[in-house]
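Below: one structure, written as structure tokens.
The analysis underlying the following values was restricted to heavy atoms, covering all of them including side chains, and did not include hydrogens, waters or symmetry mates. Everything quoted here is computed from the prediction, not taken from an experiment.
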Amino acid sequence: MYEFAVTPAITQIRRRGVTITEVEPGGLGAELELEPGDRVVRVNGRVVRDYLDFRFHTGGETELTLDVLRRDGEEWELEIERGEGEDLGLQFENIAPRQCANECLFCFCKGNPPDARPALFFRDEDVRLSFLYGNYTTLTSITEDEMTRVVEQRLTPQYVSVHATDLKVRAYLLGVDEGRADINDKMRRMMDAGIEIHAQVVLCPGINDGEVLRQTIEDLAAEYPRVRSVAIVPLGLTRYNTDERLTPVTPEWCRRIIREVGSMQKELHARLGTNFAFLGDELYLRAGRDVPGRRHYGDYPQIEDGVGMVRSFREEFARLLRRVEKARPVGASRLRGTVLTGTLFAPVLEELTARLNELAGTRLRVVAVENRYFGSEIVVAGLMTGECVEAVREKLEGDFVVIPRTAHKSDEPVMLDGTRLDELERRLGLPVRALDLEGFRRMVCGD
């Protein structure tokens, strides 16, 4: 049986195999009369624990034996021959994440309001999600079964929350003993097997900055290119996380970090050909500094961690402006509405939107939304809630309101505080459009 990644609290009953959720009409799975609700238990005699196992065991195989547990309890053994690269036409249930057993000082889950949705308190620690989605793991509780799987199935890259290579500091940050905090052998085993690692440091003033940070960057850079990059991002303190060991981030501190890491980046680039250690956009914005240029970030290895996202957004928006200037889209001048964003990004978006209004004749107003749900220290636009939006109702102008696409669940139009978008529309008396930059482009260009 596949072990859980943590000792405490196995919260979910695990059944054999992986459940089929969709069968493509006319596909090979449909020809075999497989149906949603059936479970694939083995492939060629090898146990299947989730869809990653299924993909690994079926990859490149033209002759397959599937052991299937039908939803009515009947057991089937299917002998299959398929063409090279022929897909079975099956979709499977999502992976149920393993839970984290650390007690990190800065864990954002500790900063949730006590009445927040239960899902917001779930802390995942899963090497499968690290491979699939870039979720960070600390590797403190990885089992031998999981480690073997990462190596055998080449689940690369892996994203690892290192925070500090000083063992005492890392143990302190994670709230675990030093033996468990020590992941040197685990990382080396992965790297020796060709697993690429991207590291993360959540920077806490007075704890893992200064000399500790310098040593962490140097230790990780010594493993380049096996450790490909390290993202350095500031902790986020909500009004509910009152741990007195944590110090709020200030503009002065951000400027100091930029100076110190900037000096190291020059040395690293001369030695490695890459800046290697990348600062989160929030540090530059809080410091009142421009984010670096495109070349600074290389291939944006840590963009999902908020590293280079502002620069990438500026470049994409510049392409939109060039298209608008060239094509002059019909109907753009009729767009009159309010675009909401977080307090930190608002000056950037105001500048870009002003240029769009000038070129296209749109009448779009940017309004900065203070986070009333988590507290004013939380400035990320994606953590905006219905309560936050309602607080700026008097500032709304035009025929519609735009909120960030990331401000609601990916699979349901519900914001972090439980506000549904249709409910928010009724309260505001205006249509609410949840858009990413591509959706915004389509709105402006009419395609």
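- The salt bridge (charged side-chain N to carboxylate O under 4.0 Å, His left out) pairs that include a residue from residues 262-277 are E218-R271, where partners are two or more places apart or lie in different chains.
- Note on residues 163-189: pairs passing ring-ring contact (aromatic ring centres under 6.0 Å, His included), not counting sequence neighbours, are F106-H163.
- For the pair F108 and G236, the tightest heavy-atom approach, listed with the atom from each and the gap, is CD1-O, 4.0 Å.
- Between the OH atom in Y300 and the CG atom in D305 there is a gap of 15.5 Å [rounded to 0.5 Å].
- A salt bridge links E412 and R420; the closest N-O separation between the charged side-chain nitrogens and carboxylate oxygens is under 4.0 Å.
- In the model, S161 has a side-chain atom that pairs as donor or acceptor with a side-chain atom of Q200 under 3.5 Å.
- Between D219 and R214, no side-chain nitrogen of the basic residue sits less than 4.0 Å from a carboxylate oxygen of the acidic one, so the salt-bridge criterion is not met.
- Contact of the L424 side chain with the M415 side chain is registered, since non-hydrogen atoms from C-beta on lie closer than 4.5 Å.
- Remark: R128 does not engage E146 in a salt bridge, criterion side-chain N to carboxylate O under 4.0 Å.
- Within the structure, the salt bridge (charged side-chain N to carboxylate O under 4.0 Å, His left out) test picks out the following pairs touching residues 234-254 (sequence neighbours left out): D243-R245, E252-R255.
- Atom-to-atom distance recorded for F276:CZ and M264:CE is 9.5 Å, nearest 0.5 angstrom.
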task = Determine, stepwise, if the pair T353 / T362 fulfils side chain to side chain contact (heavy atoms under 4.5 Å, CB included).
result = CA-CA 9 Å; T353 303; T362 52; 6.0 Å; no
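- No side-chain donor from either of E377 and N371 sits under 3.5 Å from a side-chain acceptor of the other.
- Side-chain contact annotation: T138 with N102, donor-acceptor N/O pair under 3.5 Å present.
- Checking each of T419, V369, D417 against T385 for a side-chain contact (heavy atoms from CB on, under 4.5 Å) leaves exactly one that passes, namely D417.
- Contact between H198 and P157 at its shortest, heavy atoms only, is CD2-CB, 3.8 Å.
- Salt bridge annotation for E358-R355: absent, with no cationic side-chain nitrogen under 4.0 angstrom from a carboxylate oxygen.
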ask   = Is there a ring-ring contact (aromatic ring centres under 6.0 Å, His included) between F92 and F54 once you walk through the steps?
value = CA-CA 9 Å; F92 295 97; F54 182 86; 4.6 Å; yes
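- Taking the side chain as every heavy atom from C-beta outward, M443 and E438 never approach each other to under 4.5 Å.
- Paired with E144 under the rule salt bridge (charged side-chain N to carboxylate O under 4.0 Å, His left out), one option of K186, R149, R189 passes, and it is R189.
- Taking CZ of R322 as the start and CZ of F317 as the end, the distance is 12.0 Å to the nearest 0.5 Å.
- The residues D124 and R98 are annotated as not salt-bridged, no charged nitrogen and carboxylate oxygen being separated by less than 4.0 angstrom.
- At distances below 3.5 Å, not a single donor-acceptor pair connects side-chain atoms of R123 with backbone N or O atoms of Q99.
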